[in-house]
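All values below come from the heavy atoms of this structure, side chains included, with hydrogens, waters and symmetry mates left out.
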Amino acid sequence: MKNVIKFLKNKSGATAIEYGLIAALIAVAVIGGVTTLGENANNTFNSVSAEMVAS
């Protein structure tokens, strides 16, 4: 019975899950930012390329 009570009071598993969720949210934010930045860079390079061809 003492082992069950000790298990229920243990908070280290909850902390690990919280850190995992925080890391996942950060990863999603980074992926979104990099995707947006990549699209913007691609558009810029395409514009420059089109201007060079037109010249």
Side-chain angles (χ1 to χ4, degrees):
M1 187 66 175
K2 288 182 182 182
N3 288 337
V4 173
I5 294 172
K6 184 178 175 183
F7 176 75
L8 292 175
K9 288 184 178 180
N10 187 357
K11 301 293 182 191
S12 63
T15 303
I17 291 171
E18 290 169 356
Y19 283 133
L21 290 173
I22 291 169
L25 289 174
I26 290 171
V28 168
V30 168
I31 289 170
V34 168
T35 301
T36 302
L37 181 63
E39 290 173 359
N40 289 342
N42 188 28
N43 291 338
T44 300
F45 285 123
N46 286 336
S47 296
V48 170
S49 175
E51 289 294 324
M52 290 176 71
V53 169
S55 297

Under 3.5 Å, which donor-acceptor pairs do the side chains of residues 29-36 form with other protein atoms, sequence neighbours left out?
residue: Thr35; atom: OG1; partner: Ile31; partner atom: O; Å: 2.7
residue: Thr36; atom: OG1; partner: Gly32; partner atom: O; Å: 3.0

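The other members of the hydrophobic cluster of Met52, by chain and number, are Val48 (side-chain heavy atoms under 4.5 Å, ILVMFWY only).
When the options Thr44, Asn46, Asn40 are evaluated for a side chain to side chain contact (heavy atoms under 4.5 Å, CB included) with Asn42, the one that passes is Asn46.
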